[in-house]
Asker: 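Here it is: the structure, laid out below.
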Amino acid sequence: MNKASVSERIALIARDSAEGAACAPELNAGPWEFDAQPPAYGPGASMGDVIPVGTPRQGALPNEYKTAGNDELHERIRAAKATLGERVVILGHFYQRDEVVQHADYLGDSFQLANAAKKHAEAEAIVFCGVHFMAETADILSAPEQAVILPNLAAGCSMADMADSDSVEACWEQLTAIFGTEPDAEGRAPVIPVTYMNSSAALKAFCGRNGGIVCTSSNAAVVLEWAFERGQRVLFFPDQHLGRNTAKAMGVPVENMPLWMGRKPLGGNTEAALRDARVILWNGFCSVHKRFTVDQIDKARVDHPGVRVIVHPECPMPVVDAADESGSTDYIRRAVEGAATPTTFAIGTEINMVQRLAADHPEHTIFCLDPVVCPCSTMYRIHPGYLAWVLERLVAGEVVNRITVDDDTAQFARVALERMLAAKPA
Ligand code: SF4
C-alpha cells in the first residue's frame, strides 16, 4: 500500500502534521483509554449515540500490550499465529484498520466471514476482528466446540443496539393486537419480521420463531420479495435506511413505509397508517453512513467531472437517490475491481475500506465522500494490542473474550439464516 492507513492519518492529524481533519483526534489514543471510562461507543462516528445499559465492557488489557510499539505487536501476533497454525483462523471485516487486517486470513463482510469460518473445521478458535453481532453469527454457524473470540468486548455496533429484544417484542405485541395472527385469503401472514444481519442473535431468533428472515445489504431485495410473497406487510429492523432504500427501489411508495419510534404507542403512528403500511421501518441507523450528504455528492461532481459516485444503502434515501449507484461493501469492492479504465470514484462507506481500495487500486482515483476522517467507533476498538493479547492467551491454552450464543437462541436464529440462504436466487 502506498497511502497512509486511517490510523496513520489520524496520528498525523493529531500531531498537526497532516492536512484534513479527524472527527475525533482522541482516536489516536489506544482504545483501552475508552474501555476504562463509563460505557460509551468512544471516539469516531458513533460517539454521540446513546449506548444501552448493560452493553458488554472490556476488562483491563495487560500493560505490556498497551506500551508495546506497533513493530513489537506485529512481531508477537505473527509469532503466536505461527505457533497456533491451523488451530486458529483470523477474520477481518472490510471496516477494520489495516494494522489488524494485515494479520487476517480472510477479509470480507460479516456474512462472507462467518461462512469463511465454516471452511475451517480444524480451527479450535475463530478470532473475529469485527463487532459483536458478527462474532455471534460466526458462533451460530460454526461447530459447537469451536470458540469464537472478539478481541475487544467493547466492539459492539451502535446500529444493532438500536433494536433491543424487549422493544421489538413490545412492537410485535401491538402489531398483533391490530392485525391478529390469521393469514388472509391468499395465505399471507399479517406481518413478516425481517432483520438486517446487523442485529443481535436474539433478534435473529425472534425472526426465526415468528416466520421471519435475515437479510444482508447484498440480498435485501431478494429477501423482501420472499417476505412479500408470505406476508401482507413487513416489519424491518434495525436499519430504516436499508429498508427504505431497498423497498423504494422495488416500487413501494415511501408513504407506505411508516417509521416505528420504539417508545411511543403504535410507534408514533396511527392504526390507519399501519394498516396501509407495506414496510414498517424501525428507527435505527448507522452513524457512519449517516454522515454522507447530498452536498458532498454535489461537491464531488463539481470538483471531479465524470466522477462515479457509489454509496452504501445504509446511507439516507436522498444520498442514495443522488448517487450513481448504491450497493453493499462487496458490491463496492467489485465495482472498483471491475472498472476496465482509470476511473474517479467517490465512495460513501466506512473510511478504512475506502482508503484500502484507494491504496490497492492506484490506477483509479478513489476518495471518500466525507472529507473528515471518521471511522466506525466500534470497529476501531480492535487494536493490534488486543489481537496480540487474545492470540498469546490461546498459545498459553486460555480462551479469553469468547462469544457464545445459547442453544435455544442459536437454533431459531439459524432458522432465519437458513431461510435467507434458501431465498437467495441461484
Ligand atoms: S459501520 Fe455502522 S453498522 Fe457497521 S459496525 Fe459500525 S456502526 Fe455498526
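Start at 1 and go down the list; that is how both ligands and their atoms are numbered.
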Asker: Check this for me: Asp407, atom CG, are more than 12 non-hydrogen atoms of other residues, nucleotides or ligands nearer than 6.0 Å?
Answerer: no
Asker: Going by the atom numbers of ligand 1, which of them fall below 4.0 Å from some non-hydrogen atom of Glu314?
Answerer: 3 (S)
Asker: Go through the steps to decide whether His312 and Phe292 satisfy the test ring pair (Phe, Tyr, Trp, His ring centres under 6.0 Å), and finish with yes or no.
Answerer: CA-CA 10 Å; His312 195 281; Phe292 299 109; 9.6 Å; no
Asker: Could you check whether any heavy atom of Ser287 sits closer than 4.0 Å to an atom of ligand 1, since that is the contact criterion I want to use?
Answerer: no
Asker: Is it the side chain (CB and beyond), the backbone, both or neither of Glu350 that lies under 4.0 Å from ligand 1, heavy atoms counted?
Answerer: neither
Asker: What do you reckon, does His93 put a non-hydrogen atom under 4.0 Å from ligand 1?
Answerer: no
Asker: Are Arg381 and Asp35 within salt-bridge range, i.e. N to O under 4.0 Å?
Answerer: yes
Asker: For Phe237 together with Trp260, are the ring centres under 6.0 Å from each other?
Answerer: no
Asker: Can Arg209 and Asp408 be counted as an ion pair, charged N to O under 4.0 angstrom?
Answerer: yes
Asker: Please report which non-hydrogen protein atom sits nearest to atom 7 (S) of ligand 1, along with the residue it belongs to and the distance in Å to one decimal place.
Answerer: Ser158 OG, 3.6 Å
Asker: How far is atom 3 (S) of ligand 1 from the closest protein heavy atom, and which atom is that?
Answerer: Asn198 ND2, 3.3 Å
Asker: Check whether any N, O or S atom of Cys157 sits under 2.8 Å from atom 8 (Fe) of ligand 1.
Answerer: yes
Asker: Just so I know, are the side chains of Cys23 and Arg291 near enough to count as touching, which here means a heavy-atom distance under 4.5 Å?
Answerer: yes
Asker: Quick check on the 6.0 Å ring-centre criterion: do Tyr106 and His120 meet it?
Answerer: yes
Asker: Specify whether an N/O/S atom of Cys376 falls short of 2.8 Å from atom 2 (Fe) of ligand 1.
Answerer: no
Asker: Among all protein heavy atoms, pick out the one at the shortest distance from atom 2 (Fe) of ligand 1; state its residue, atom name and that distance to 0.1 Å.
Answerer: Cys286 SG, 2.4 Å
